[in-house]
Amino acid sequence: MTKLGSYAGRTAMVTGAGDGIGKMLAVKLAEAGMTVCVQDIREEAAATVALEIGSGAFSMAFDISDRNAVALAAERFAADHGDLAMLWINAGVGVGVTLLEGKPDQVRWAYDVNVLGAIWTAQCFAPLLKGDPRHVGITASTAALRAPEGDFPLYAATKHGTMAVAEALRGELAVKDIETTILCPGLLNTEIWDGAKARPERFGGERHMDPKIAGMWREAKTPDAMWPDIERVMAAGGGTLVCATDAGETRVAMRQRIDAIENGLIEI
C-alpha cells in the first residue's frame, strides 16, 4: 500500500490542469502535501491555478502536441526543479465532429493532443521520475470502453488511443517499478465542451463554442466526486479506475462491445 502521505514534500506534475479534472488533481495532490507543477497550454490559466493552490505550486505552459516543446519543457523542469515523484498525463481535448466529416486540422489536433501528446509527455517527463515510490496517472475516458459510435465518434476514437497508450505505458513503467493509474471518467462538469478555446493556429486557431450546448456538462457531477476512489486506487499501487456517470450505460455498452468482439473470434 502506497499512501499519498508517502509523497508529501515531493513534486508532482499534472498536465491540462488549467481547469476541469486536471485542476482537481492538482488541488488534491497539493492538499496531500505535494509541490505541484500546474501545466496547461494556456499560460494564464496555469498560473491562476498555481496561485490559487499556493503551497509552493508553480506553473508551466507548453503545448503537449509539440514534441520539441515538451522536450524543452522537460529540460527546463529538470534544471529548475529537479526530480519528479508523480506525473499525471491528463491533458486532452474534446472534438464534436465525426470521422467522415471532420476537417483535417480537427482530426490532427484531436489525435496529436489525446494520443501523441500522451506519448510525448511520457517520453520526456517519465525519465525525471526518481525516488520511491513513483507514480504515473493517465486520464482516458469511459468513451474508450465502448464502441466509438454516437454523437462524438472522433473524440471516442482518440480516447481508445489514449487508453491503449496508457495500458502500454503501464507495462513499460512496471519494469521500472513505477506505479500506474489509468482513470476513465464519464461525463463531468468540465469545460471540455469548449475544447477549441486554446487550439493552436496550426490546427485552425481558437474557437469558442456556443455556451447553449454546455447544459449536460454543467448539470453533471464535479470532478472532485472521483477523488476518494482515485486516492484509494493510488494507495493500492495503481490500477484502472472507471468513474461512470450514466446510471449503468457504460457497463452495458462495454459488455456489448466485448461480446461483439468475442462473437467474431475464431481459431484458424
Exercise. What is the minimum heavy-atom distance between Trp109 and Pro200, and which atoms define it?
Worked result: NE1-CD, 3.9 Å

Exercise. Between CD1 of Ile230 and OG1 of Thr139, what distance do you get to the nearest 0.5 Å?
Worked result: 7.5 Å

Exercise. When rounded to the nearest 0.5 angstrom, what distance separates SG in Cys184 from CE in Met254?
Worked result: 9.5 Å

Problem set entry | Rounded distance (nearest 0.5 Å) linking atom CG of Leu87 with atom CZ of Arg134 | 12.0 Å

Exercise. Between Asp40 and Gly18, is there a donor-acceptor pair closer than 3.5 Å when you use the side chain of the first and the backbone of the second?
Worked result: yes

Seminar exercise, completed: The reported gap from CD1 in Ile41 to CG in Asp63 (rounded to nearest 0.5 angstrom) is 4.0 Å

Exercise. Do Met234 and Val242 sit in the same hydrophobic cluster, where Ile, Leu, Val, Met, Phe, Trp and Tyr count as joined when their side-chain heavy atoms come under 4.5 Å apart?
Worked result: no

Problem set entry | Exam field: side chain Thr162 to backbone Asn114, donor-acceptor pair closer than 3.5 Å | yes

Exercise. How about Glu44: does its CD atom have over 12 heavy atoms from other parts shown lying under 6.0 Å from it?
Worked result: no

For this session: Output yes when a side-chain donor or acceptor of Gln39 lies under 3.5 Å from a complementary backbone atom of Gly16, and no otherwise.
Result: yes

Problem set entry | Thr121 side chain to Ala118 backbone, donor-acceptor under 3.5 Å | no

Exercise. When clusters are formed by joining ILVMFWY residues with side-chain heavy atoms under 4.5 Å apart, either directly or through shared neighbours, do Met163 and Val113 land in the same one?
Worked result: no

Exercise. Between His135 and Thr181, does a side-chain hydrogen bond (donor to acceptor under 3.5 Å, both in side chains) hold up when you go through it step by step?
Worked result: CA-CA 8 Å; His135 206 107; Thr181 294; 2.7 Å; yes

Exercise. Checking Ser59 side chain against Val38 main chain: does a donor-acceptor pair fall under 3.5 Å?
Worked result: no

Problem set entry | Within one Ile-Leu-Val-Met-Phe-Trp-Tyr cluster: Val115 and Ile138, side-chain cutoff 4.5 Å | yes

Exercise. Would you say the side-chain atoms of Asn90 pair up with the backbone N or O of Val14, donor to acceptor, closer than 3.5 Å?
Worked result: no

Problem set entry | Main-chain N/O of Lys159 paired to Ser141 side chain as donor or acceptor, under 3.5 Å | no

For this session: Measure the acute angle between the ring planes of Phe62 and Phe125, then classify it against the limits of 30° and 60° as parallel, tilted or perpendicular.
Result: parallel

For this session: Please answer: with hydrophobic residues joined when any side-chain heavy atoms are less than 4.5 Å apart, are Leu25 and Val233 in the same cluster?
Result: yes

Problem set entry | Cluster link Trp88 to Ile182, ILVMFWY, side chain under 4.5 Å | no

Exercise. Between His160 and Ala147, is there a donor-acceptor pair closer than 3.5 Å when you use the side chain of the first and the backbone of the second?
Worked result: no

Exercise. Are side-chain heavy atoms of Met226 and Lys221 found at a separation under 4.5 Å?
Worked result: no

Seminar exercise, completed: Output for pair (Gln256 CD, Arg146 CZ), nearest 0.5 Å, gives 9.0 Å

Problem set entry | Arg42 bridged to Asp19 by N-O distance under 4.0 Å | yes

Exercise. Can Glu52 and Lys23 be counted as an ion pair, charged N to O under 4.0 angstrom?
Worked result: yes

For this session: Kindly give the heavy-atom pair with the smallest separation between Leu173 and Ala126, and that separation in Å.
Result: CD2-CB, 4.4 Å

Seminar exercise, completed: One should read off an interatomic distance between Thr240 OG1 and Leu183 CG, to the nearest 0.5 angstrom, of 10.0 Å

Exercise. Should the heavy atoms of other residues, nucleotides or ligands under 6.0 Å from CD of Glu31 be counted, would the total exceed 12?
Worked result: yes

For this session: Would you check if Phe152 and Val95 make a side-chain contact, meaning some heavy-atom pair closer than 4.5 Å?
Result: no

Problem set entry | Non-hydrogen atoms of Ala74 and Cys124 that approach each other most closely | CB-O, 3.4 Å

For this session: Using a strict 4.0 Å threshold on nitrogen-to-oxygen distance, state whether Arg202 and Asp112 make a salt bridge.
Result: no

Problem set entry | Glu101 side chain to Thr98 backbone, donor-acceptor under 3.5 Å | no

Exercise. Which residue pairs satisfy the salt bridge (charged side-chain N to carboxylate O under 4.0 Å, His left out) criterion with at least one member in residues 256-268, sequence neighbours excluded?
Worked result: Arg255-Asp259

For this session: Determine yes or no for a side-chain-to-main-chain donor-acceptor pair under 3.5 angstrom, with Arg10 supplying the side chain and Ala85 the backbone.
Result: no

